[in-house]
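All remarks here apply to the structure that follows.
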Amino acid sequence: LYIAILASILSIIIYWPIRDRYRVRNLNGKHVFITGCDTGLGNSLAKWLDKKGFCVIAACTTEKGSHQLRLCSSLSLKTVNLNLADSNSISRAVQFVTEQTAGKGLFGLVSNAEGTAPVGPTDWLRIEDFHSVLDVSLLGLIEITLKLLPLLKKAEGRVVNLINAKGLMAFVGGGYSLSKWGMEAFSDTLRIELQHFGVKVSIVEHGFFKAEVVNSDIIEKYLFKLWNRLTPEIRDSYGEKYFVE
């Protein structure tokens, strides 16, 4: 037992100096672009990296989100409006990042945005319900990553895709879980392909955050909306009892 404890202590003593060698140094001038910064995890990360000294470029979906973030950040933090479901909006954001990095390349891309997710049985849904999630959380993520790859390669930077672990449990119909599994596959493939260019690709599977807890009233509202638009045939096949339960 004593030998095991001693070995553990020695391992920790050896580990800390090694770990410190991999910390990022000289943060000044290193640009990090983060999506989904209006609230929640993206918002907190933008503030934290800003305090650490990174040059943060935060993408928000609304002008209100951008304004509030700038109010509680340093002058070096920049914001840009971004709709990941709109290719033109993505192109404008990429152009903004290109101008801000001024030939230095992009040190980090953190993808955090999520699309809306109707909850319900699969045959209650329409294809647009899947698009509302996939166009943002998967296809939008892929498009902006592809367009930023030249900047990432130039700086030998890193891609970090934040994936809510609850999306990896396929227990409900809709595009939410599909987008998360797709992000995993895209990230794993990209990691292998970009090793040659010195670009690192990471997945962070995070858990629940207070800001992300879905209100039961919102879920109920989605269900009522889906139920009310069903054809009589589908509604009768499930029955009122199924919906109530």
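Predicted model, so just to flag it, every value in this text is computed and none were measured.
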Problem set entry | Verdict with supporting geometry, T101 and F107, side chain to side chain contact (heavy atoms under 4.5 Å, CB included) | CA-CA 9 Å; T101 55; F107 180 75; over 6 Å; no

Is a side-chain donor or acceptor of [X] paired with a backbone partner of [Y] at a separation under 3.5 angstrom?
{"X": "R191", "Y": "V201", "result": "yes"}
{"X": "S89", "Y": "D86", "result": "no"}
{"X": "H31", "Y": "G29", "result": "yes"}
{"X": "R235", "Y": "N228", "result": "yes"}

Which atom names give the shortest non-hydrogen contact between [X] and [Y], and what distance separates them?
{"X": "V133", "Y": "S179", "answer": "CG1-OG, 3.9 Å"}
{"X": "L162", "Y": "N112", "answer": "CD1-OD1, 3.7 Å"}
{"X": "V97", "Y": "L106", "answer": "CG1-CD1, 4.1 Å"}
{"X": "A46", "Y": "L77", "answer": "O-CD1, 3.9 Å"}
{"X": "L141", "Y": "M183", "answer": "CD1-CE, 3.4 Å"}
{"X": "I34", "Y": "C37", "answer": "O-SG, 3.4 Å"}

Check [Y] with [X], please: is the shortest side-chain N to carboxylate O separation under 4.0 Å?
{"X": "E63", "Y": "R70", "value": "yes"}
{"X": "E184", "Y": "K180", "value": "no"}
{"X": "D129", "Y": "R126", "value": "no"}

For this session: For V160 and I203, run side chain to side chain contact (heavy atoms under 4.5 Å, CB included): C-alpha distance rounded to whole Å, both residues' side-chain angles, the deciding distance at 0.1 Å, then the answer.
Result: CA-CA 6 Å; V160 180; I203 299 170; over 6 Å; no

Problem set entry | Heavy-atom neighbours of L71 CG exceed 12 at 6.0 Å |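 Buried by this count: over 12 neighbours within 6.0 Å.
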
Exercise. Are there more than 12 heavy atoms of other residues, nucleotides or ligands under 6.0 Å from atom NZ of K154?
Worked result: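 For K154, atom NZ is not crowded (no more than 12 foreign heavy atoms under 6.0 Å).
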
Side-chain donor-acceptor pair under 3.5 Å between [X] and [Y], yes or no?
{"X": "D38", "Y": "T62", "result": "yes"}
{"X": "N81", "Y": "S66", "result": "yes"}
{"X": "S73", "Y": "K47", "result": "no"}

Cluster overlap [X] with [Y], hydrophobic side-chain contacts below 4.5 Å:
{"X": "V199", "Y": "I142", "value": "yes"}
{"X": "L149", "Y": "L139", "value": "no"}
{"X": "L138", "Y": "L125", "value": "yes"}

Problem set entry | Check against side chain to side chain contact (heavy atoms under 4.5 Å, CB included), V159 and K200 | CA-CA 6 Å; V159 178; K200 300 178 178 65; over 6 Å; no

Problem set entry | With S87, the side chain to side chain donor-acceptor pair (under 3.5 Å) member among E143, K147, R92 | E143

Exercise. Below 4.5 Å, heavy atoms only, C-beta onward: do I144 and F33 meet side chain to side chain?
Worked result: yes

For this session: Would you please indicate yes or no on a ring centroid separation below 6.0 angstrom for Y238 and W124?
Result: yes

Once rounded to the nearest 0.5 Å, what's the spacing between atom [atom1] of [X] and atom [atom2] of [Y]?
{"X": "K52", "Y": "K30", "atom1": "NZ", "atom2": "NZ", "result": "14.5 Å"}
{"X": "L230", "Y": "D123", "atom1": "CG", "atom2": "CG", "result": "7.5 Å"}
{"X": "L190", "Y": "N161", "atom1": "CG", "atom2": "CG", "result": "8.0 Å"}
{"X": "I234", "Y": "R229", "atom1": "CD1", "atom2": "CZ", "result": "10.0 Å"}
{"X": "S137", "Y": "L84", "atom1": "OG", "atom2": "CG", "result": "8.0 Å"}

Exercise. Given N83 and T61, is the side-chain hydrogen bond (donor to acceptor under 3.5 Å, both in side chains) satisfied, shown in steps?
Worked result: CA-CA 6 Å; N83 177 5; T61 58; over 6 Å; no

Problem set entry | F54: which of I57, D50, V56 passes side chain to side chain contact (heavy atoms under 4.5 Å, CB included) |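 Only one option passes, and that is V56.
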
